[in-house]
Structure formats: C-alpha cells, structure tokens
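Given the structure is predicted, the values throughout are model-derived calculations rather than measurements.
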Amino acid sequence: MSLSYSVPTALEYFAALVQSDEHFPLLEAAASLAQDEYIDLDVQQLLGDVDQLLARLQRRMPADAPALQRLRTLNQFFFTDLGFAGNVNNYYDPENSYLNAVLRTRRGIPISLAVLWMELAQGLGLQARGIAFPGHFMVKVLLPKGQVVMDPVSGQSLSREDLSERLEPYKRQSGLVDDYDVPLGLYLQAATPRDIIARMLRNLKEVHRTQEDWQRLISVQDRLIVLLPQAWSEWRDRGLAHAERGNVAQAVADLQTYLAHVEDGLDVAAIADRISTLRSAGS
C-alpha cells in the first residue's frame with residue numbers, strides 16, 4: 001500500500017504559521033513571504049542560517065555579559081562586521097522585503113532589517129521589540145536603566161528630540177497638532193508579530209500597486225486576507241486587482257464581500273458601480 005502526502009501550498013503554510021497570536025513565529029512567517037517569488041525557497045534553511053549567525057555572535061561574549069554590553073556587541077556584529085544597511089539606491093525593490101535576499105545582499109528596508117536584528121537580540125536574551133513608527137519602522141530594547149529606541153537601518157540610538165523631529169511631518173499631514181496632538185509614547189508602543197507581518201505585506205502591496213503588477217499584488221492580498229480576515233478593505237483591494245487582471249468572478253465575489261461588511265464606507269457607491277460594470281462586461 002503506497003502512502004501519498006499532500007505538500008501544503010505556500011499560502012497554506014503561511015496560514016498555519018499565523019493562525020495563533022500566542023505562538024506566532026515572526027521570523028519564519030516573515031521569511032515565508034518570499035515563497036511567492038522564490039518557489040523553491042527552503043525557509044528552514046534560512047532559519048538555520050540565522051541560527052548560525054546567532055551562534056557566531058554568542059561566541060563573542062561571556063554568558064554573564066550585562067545587557068548594555070550585549071546590545072553593543074550585537075550592533076557591532078550586525079551593522080559593522082556583517083554590514084547590514086538600508087538599500088538606499090533601490091529602496092522600493094520588492095527584494096528588500098524578502099529575508100533570503102536581505103541575508104544575501106545585506107541590504108533591506110527598516111522592517112526587514114528589524115526582523116533579523118530582533119531575532120538575534122532575543123537570542124542574546126535582550127528584551128527587543130518592534131515599533132510601528134510612522135514612515136520608518138523602529139526597534140526598542142528594554143535595559144535595566146531604561147529604554148533605548150534605535151533605527152534598524154543604522155543602529156543609531158534616537159533621543160526623544162530625534163523622534164519628535166521625525167514625527168513632525170506625519171503629525172502635520174495628519175492634523176495631529178495643537179489640541180489634537182498626542183504623546184510621543186503612543187507612537188513607541190510595541191508592535192505585535194501580526195502587525196509586523198501586515199506592515200511587511202503592505203509595503204509589498206504598495207510596490208506592486210505602483211508598478212501595476214496585478215498578479216503579484218493578488219498574491220500579497222491573499223496573504224493579507226489570511227492574516228487579517230476581517231480587514232475588509234483588503235478584500236476590496238484584492239477584488240480591484242482581480243478586476244485589473246480580468247478575473248471577473250473573483251473580482252465580483254471579493255467586492256461583494258467588502259460591501260456586505262462595510263455599509264457606511266465612503267466608496268460604497270463607487271464599488272457597487274464597479275460590480276455592475278464587471279457583471280455587464282462578463283455577461
């Protein structure tokens with residue numbers, strides 16, 4: 001009697017990783033995003049490569065090294081010795097969001113660099129967290145004498161004044177000034193692993209939308225909907241991408257799902273019109 005095994009698709013594998021907030025493997029989920037582009041990517045091999053980096057790092061310091069020494073050694077290793085940095089010459093390349101490519105080139109964007117850096121930091125016993133700072137993902141480390149907020153592109157520690165200055169354009173654009181201003185601390189709260197993966201996917205979403213690469217955009221939307229099944233705007237955006245690809249049935253189904261759950265959206269009438277147009281074209 002022969003046994004047959006069903007190999008999960010990339011999306012099924014991702015769904016299994018992100019189903020629980022209690023056991024959410026951030027690095028593995030982030031690494032798996034590249035499987036839409038690199039079909040044969042061995043995620044477990046990538047995790048092993050990061051483990052090897054951690055082992056190299058751990059050999060550099062005594063087990064009883066204080067937290068500040070561990071942080072400094074990590075930053076020397078990550079930013080100077082390994083040379084990780086931002087891809088300033090091609091910031092909007094989707095490769096910057098694929099951890100296998102970031103490990104190979106040592107170039108990425110703040111959030112992809114942060115995911116790798118945090119994995120190493122946590123392996124050293126540091127209390128490291130990501131911060132969903134507007135416009136530029138940050139990391140923070142809780143030390144015995146307080147909190148350090150860092151730029152994951154450079155390892156630079158940022159003061160309250162630095163952070164407030166970086167926030168100013170966002171606050172002005174969002175109308176969060178004067179009576180509507182909010183404390184800096186609200187922008188420095190730890191992001192959950194689910195939030196981090198959502199932000200990584202939305203970065204890819206924006207790249208593919210700008211390039212009008214609808215098929216890749218649909219793949220990203222599939223993941224966003226698995227990750228955030230009640231984020232109805234993601235159903236809408238997948239439907240619109242399907243419409244651009246000429247996938248009428250899928251487009252109508254997604255847009256109808258959006259309308260069924262967002263009764264007071266500003267674009268409800270426009271989406272209803274789009275459904276009508278799609279049905280007419282498909283009939």
Side-chain angles (χ1 to χ4, degrees), residues 8-19 21 24-41 43 46 87 90-103 105 107-116 130 132 134-137 191-258 261-262 265 267 271 274 278:
T9 65
L11 189 60
E12 289 169 343
Y13 172 47
F14 178 72
L17 293 176
V18 305
Q19 64 182 347
D21 284 325
F24 195 115
L26 174 60
L27 180 65
E28 188 174 1
S32 77
L33 303 186
Q35 288 186 305
D36 289 330
E37 193 68 26
Y38 295 89
I39 297 173
D40 296 325
L41 175 66
V43 173
L46 186 150
N87 189 353
N90 203 353
Y91 194 82
Y92 297 101
D93 187 339
E95 294 279 285
N96 294 327
S97 294
Y98 299 146
L99 294 192
N100 59 318
V102 176
L103 280 170
T105 65
R107 293 294 179 269
I109 52 177
I111 196 166
S112 58
L113 295 169
V115 168
L116 292 171
H136 191 106
F137 198 83
T192 68
R194 191 174 299 275
D195 291 337
I196 293 171
I197 297 299
R199 183 157 170 161
M200 292 185 76
L201 285 168
R202 285 170 175 150
N203 285 338
L204 282 167
K205 172 182 179 176
E206 183 59 23
V207 169
H208 297 324
R209 187 194 62 78
T210 300
Q211 296 176 351
E212 298 186 358
D213 190 337
W214 307 119
Q215 190 54 54
R216 284 185 170 88
L217 178 56
I218 289 168
S219 295
V220 169
Q221 291 302 126
D222 287 344
R223 289 178 181 265
L224 275 166
I225 287 169
V226 164
L227 184 71
L228 305 169
Q230 295 187 345
W232 305 116
S233 62
E234 303 299 352
W235 292 79
R236 175 199 63 200
D237 293 349
R238 185 174 70 176
L240 294 173
H242 273 304
E244 293 290 346
R245 285 282 295 171
N247 304 330
V248 174
Q250 296 97 316
V252 168
D254 280 347
L255 296 177
Q256 283 183 321
T257 297
Y258 172 71
H261 292 91
V262 185
D267 60 354
I271 295 300
R274 189 67 187 273
L278 286 165

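A donor atom on one side chain and an acceptor atom on the other are not found under 3.5 Å apart for Tyr98 and Gln35. Judged purely by distance below 3.5 Å, without hydrogens or angles, the side chains of His242 and Asn247 pair a donor atom with an acceptor atom. Judged by distance alone, the side chains of Asp267 and Tyr258 do bring a donor and an acceptor atom under 3.5 Å apart.
Note on ring orientation: taking the six-membered ring where Trp is involved, the planes of Trp232 and His261 are parallel (angle under 30°, cut-offs 30° and 60°).
Within the 4.5 Å cutoff, no side-chain heavy atoms of Thr210 are placed close to those of Tyr92. Using a 4.5 Å heavy-atom threshold, the side chains of Asn87 and Ile109 count as separate. Two residues are said to be in side-chain contact when any heavy atoms from C-beta on lie closer than 4.5 Å; Leu33 and Ser97 fail this criterion. Side-chain contact between Arg216 and Pro94 is absent, with no heavy-atom pair separated by less than 4.5 Å.
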- prompt: Going through the distances and angles, do Val248 and Val252 end up as a side-chain contact (heavy atoms from CB on, under 4.5 Å)?
  reply: CA-CA 6 Å; Val248 174; Val252 168; 4.2 Å; yes
query: Going through the checks in order, is the side-chain contact (heavy atoms from CB on, under 4.5 Å) test met by Gln215 and His208?
result: CA-CA 9 Å; Gln215 190 54 54; His208 297 324; over 6 Å; no
message: One pair to check against side-chain contact (heavy atoms from CB on, under 4.5 Å): Leu240 and Glu244. What are the steps and the verdict?
response: CA-CA 6 Å; Leu240 294 173; Glu244 293 290 346; 5.8 Å; no
message: Applying side-chain hydrogen bond (donor to acceptor under 3.5 Å, both in side chains) to Thr257 and Asp254, what does each step give before you reach the verdict?
response: CA-CA 5 Å; Thr257 297; Asp254 280 347; 5.1 Å; no
- prompt: Does the pair Leu116 and Leu27 meet the rule for a side-chain contact (heavy atoms from CB on, under 4.5 Å), with working shown?
  reply: CA-CA 7 Å; Leu116 292 171; Leu27 180 65; 4.0 Å; yes
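What you find for Ala243 and Ala251 is that their closest heavy atoms are N-CB, 3.6 Å. Smallest separation of non-hydrogen atoms from Arg202 and Ala231: NH2-CB, 4.4 Å. In terms of heavy-atom proximity, Leu224 sits nearest to Ala198 at CD2-O, 4.1 Å. Between Ala241 and Trp214, the shortest heavy-atom contact is O-CB, 4.0 Å. The shortest heavy-atom contact between Ala191 and Ile196 is CB-CG1, 3.9 Å. Smallest separation of non-hydrogen atoms from Val115 and Ala30: CG1-CB, 4.0 Å.
With Gln221 contributing its side chain and Ile218 its backbone, the two residues share no donor-acceptor pair below 3.5 Å. With hydrogens and angles ignored, the 3.5 Å screen pairs a side-chain donor or acceptor of Arg194 with a backbone N or O of Val18. Remark: the backbone N or O of Asn96 is paired with a side-chain donor or acceptor of Ser112 at under 3.5 angstrom.
Once rounded to the nearest 0.5 Å, the distance linking CG of Asn100 with CD of Glu37 reads 9.5 Å. Atom CD of Gln211 and atom CD of Glu206 lie 10.5 Å apart (nearest 0.5 Å). Leu278 CG to Ile271 CD1: the interatomic distance, rounded to the nearest 0.5 Å, is 9.5 Å. Distance check: Glu234 CD to Ile225 CD1 gives 7.0 Å after rounding to the nearest 0.5 Å.
Between Glu95 and Arg107 no salt bridge is recorded (no basic side-chain N to carboxylate O distance below 4.0 Å).
Each of Asp222, Asp36, Ile197 was scored for a side-chain contact (heavy atoms from CB on, under 4.5 Å) with Phe14, with one residue passing: Ile197.
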